[in-house]
Visitor: 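Dropping a structure here in structure tokens format, bear with me for questions.
Sequence lines set the chain letters: A, B, ... in the order given, protein chains first and strands last, and positions in each chain run from 1.
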2 protein chains.
Amino acid sequence: MSIGEEAPRSRRRPRGDVRAGLVAAGVELARTGGPDAVVLREATRIVGVVPNAAYRHFADRDELLAEVCTVAMNELADRMATDIARVRGRRGTPGAAQRRLGAIGTAYLRFAHEEPGLFATAFAVPQQHGYNDRTPLGLLRDALDELVEAGVLDPQRREGIEYPIWSIVHGTAVLTGQGPLRDAPDLRQIESLSLAFIANSLT
Amino acid sequence: MSIGEEAPRSRRRPRGDVRAGLVAAGVELARTGGPDAVVLREATRIVGVVPNAAYRHFADRDELLAEVCTVAMNELADRMATDIARVRGRRGTPGAAQRRLGAIGTAYLRFAHEEPGLFATAFAVPQQHGYNDRTPLGLLRDALDELVEAGVLDPQRREGIEYPIWSIVHGTAVLTGQGPLRDAPDLRQIESLSLAFIANSLT
DNA sequence: AGTTAATGTGGACGGTGTCCACATAACTTC
DNA sequence: GAAGTTATGTGGACACCGTCCACATTAACT
């Protein structure tokens, strides 16, 4: 009672702190081991709280995981937005428009193999997705609209073309990441082939 | 000891029977609930054997899961092969070659939403993949070779083009299956757009 | 027939998600 | 500022899971 005197574990944290901490801990777990590594008890252990405390903030583990997935998806969107913003050139310029589309694909693939755990988690949302507007699809649509604006992409081909294009990039990320192409010797080249295929199809 | 006389649970099954049974049970579990549903104890329960019996046939759960994944992947390849074989027309004929490529994409996507659990499991192999030669990629390569043979695809564009194409189909399957596009209203149309994108790119 | 290897059993351990009853701190209201 | 209410954390428990150990029994081989 007198010596040691470690910080009283039972003291309550500031409001909403535990919830945010659990999500943050979950994100770190997801970063290392993907969605399956988001284990509720481990998250509470990191925050320094008893397992049941989590149930004051989430109905069950899936609800925590959903939150973590949203964070992961936002992280992907943020990194894409950053790389897009780095491309110089006025909006509507053919070259700049094409480079921005390229940046989208590159950023997407880079995130997938720099943060494989978060990437897998972003797409592992168990139920409803609460993704906001700055989403990978939204960014892609912007880029494609600009491509039309710049006269590179025929407006007649514009409608719905985001789906095949997203599919190529996402499929490449998945197949070369955790999929059957995971230990192909020429991963980078496969990625390049996919991006070139897109660029080639839009001219 | 005299009444009831249920079949002696402890009687040993014929050799290799338990192993095959566990894999079969695992496949059924995967069919219903995907890779996470392949739970070792449940599989042994289905076979009618004690949990530890599984460890005489598999080092751990992952080894059982790997086997189940292989079965799932073979199932996908088999269905693709069946649909390809259904396409009439001599090898090398432009029309037939194109229809066979179309059959590949269609069969792939059909399997993905007819058997979502097995599809997810096929690509969830935990470690090494023991897939044989009649694999989706192999079938796709055949079709592309035929397309060159038929004069539809420029031989110069042939090398490595299987990767973008596989990526489109796989990406579409994943995004519209368990991914963010899962509850888009026009799933079929998205799939059509992807397949059309491929066909359009090869002419 | 007797030995050996393969296979199944029983029991246990630590880990996980989740439920219940209880305690306590923080906010509200007078 | 005191009293009551609500939000939040605690302790303990349960069922389920993967996995390990020691033991039993069957099948195969000499």
Visitor: Give the rounded distance in Å between these two atoms: OH of A:Y55 and C1' of D:dG11.
Guide: 15 Å
Visitor: Quick one, which residues of residues 24-40 of chain A touch DNA chain C with a heavy atom under 4.0 Å?
Guide: A:V39, A:L40
Visitor: Check whether any side-chain nitrogen or oxygen of B:R45 sits under 4.0 Å from OP1 or OP2 of D:dC17, and answer yes or no.
Guide: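 Yes, such a contact exists.
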Visitor: Between D:dG9, D:dG18, C:dT9, which one does the side chain of B:V49 approach most closely?
Guide: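 The answer is C:dT9, which lies nearest to the side chain.
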Visitor: Figure out the CZ/P separation between B:R56 and D:dT25, and round it to whole Å.
Guide: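 Those two atoms, CZ and P, are 15 Å apart.
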Visitor: Strictly distance-based, threshold 3.5 Å: is any side-chain N or O of B:R31 a donor or acceptor partner for the main-chain N or O of B:L118?
Guide: no
Visitor: Under the side-chain hydrogen bond (donor to acceptor under 3.5 Å, both in side chains) test, which residues partner A:R56, sequence neighbours left out?
Guide: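 So A:R56 forms no side-chain hydrogen bond (donor to acceptor under 3.5 Å, both in side chains) with any residue.
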Visitor: Return the set of residues passing side-chain contact (heavy atoms from CB on, under 4.5 Å) with A:D60 (not counting sequence neighbours), or none when no residue passes.
Guide: A:D62, A:E63
Visitor: Expressed as a whole number of angstroms, how long is the span from A:L22:CG to C:dT18:C1'?
Guide: 15 Å
Visitor: Does anything in residues 80-90 of chain A pair up under side chain to side chain donor-acceptor pair (under 3.5 Å), and if so which pairs, sequence neighbours excluded?
Guide: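 Every side chain to side chain donor-acceptor pair (under 3.5 Å) pair that includes a residue of residues 80-90 of chain A, provided the two are not neighbours, is A:D83-A:R110.
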Visitor: Any base atoms under 4.0 Å from B:R61, or only sugar-phosphate, or nothing? Heavy atoms, all strands.
Guide: sugar-phosphate
Visitor: For B:R19 and C:dA6, give me the distance from atom CZ to atom P, rounded to whole Å.
Guide: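 Computing the B:R19:CZ to C:dA6:P distance gives 15 Å.
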Visitor: With respect to the phosphate group of C:dG14, does any side-chain polar atom (N or O) of A:R41 fall under 4.0 Å of OP1 or OP2?
Guide: no
Visitor: Under the side-chain hydrogen bond (donor to acceptor under 3.5 Å, both in side chains) test, which residues partner B:Y163, sequence neighbours left out?
Guide: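 So B:Y163 forms a side-chain hydrogen bond (donor to acceptor under 3.5 Å, both in side chains) with B:R141.
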Visitor: The side chain of A:V18 is closest to which nucleotide in this list: D:dG9, D:dT19, C:dG8?
Guide: D:dG9
Visitor: Judged by each residue's nearest nucleotide on DNA chain C, which is more toward the 5′ side, B:N52 or A:N52?
Guide: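 This one resolves to B:N52.
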Visitor: Check ring-ring contact (aromatic ring centres under 6.0 Å, His included) between A:F119 and all other residues, then give those that pass, not counting sequence neighbours.
Guide: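 Residues passing ring-ring contact (aromatic ring centres under 6.0 Å, His included) with A:F119: A:Y108, A:F123, A:H170.
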Visitor: Rounded to whole angstrom units, what separation is found between the CZ atom of A:F58 and the C1' atom of D:dA7?
Guide: 15 Å
Visitor: Start with the C-alpha distance between B:L29 and B:I46, add both sets of side-chain angles, then the distance that settles side chain to side chain contact (heavy atoms under 4.5 Å, CB included), and finish with yes or no.
Guide: CA-CA 10 Å; B:L29 292 173; B:I46 293 174; 4.2 Å; yes
Visitor: Below the 4.0 Å mark, does C:dA6 have OP1 or OP2 next to a side-chain nitrogen or oxygen of B:H57?
Guide: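 No.
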Visitor: Rounded to the Å, how far apart are B:L64 CG and D:dT19 P?
Guide: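 Rounding to the nearest Å, CG of B:L64 and P of D:dT19 are 10 Å apart.
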Visitor: Whole angstroms only, please: what is the CG-C1' distance between A:D17 and D:dG9?
Guide: 14 Å
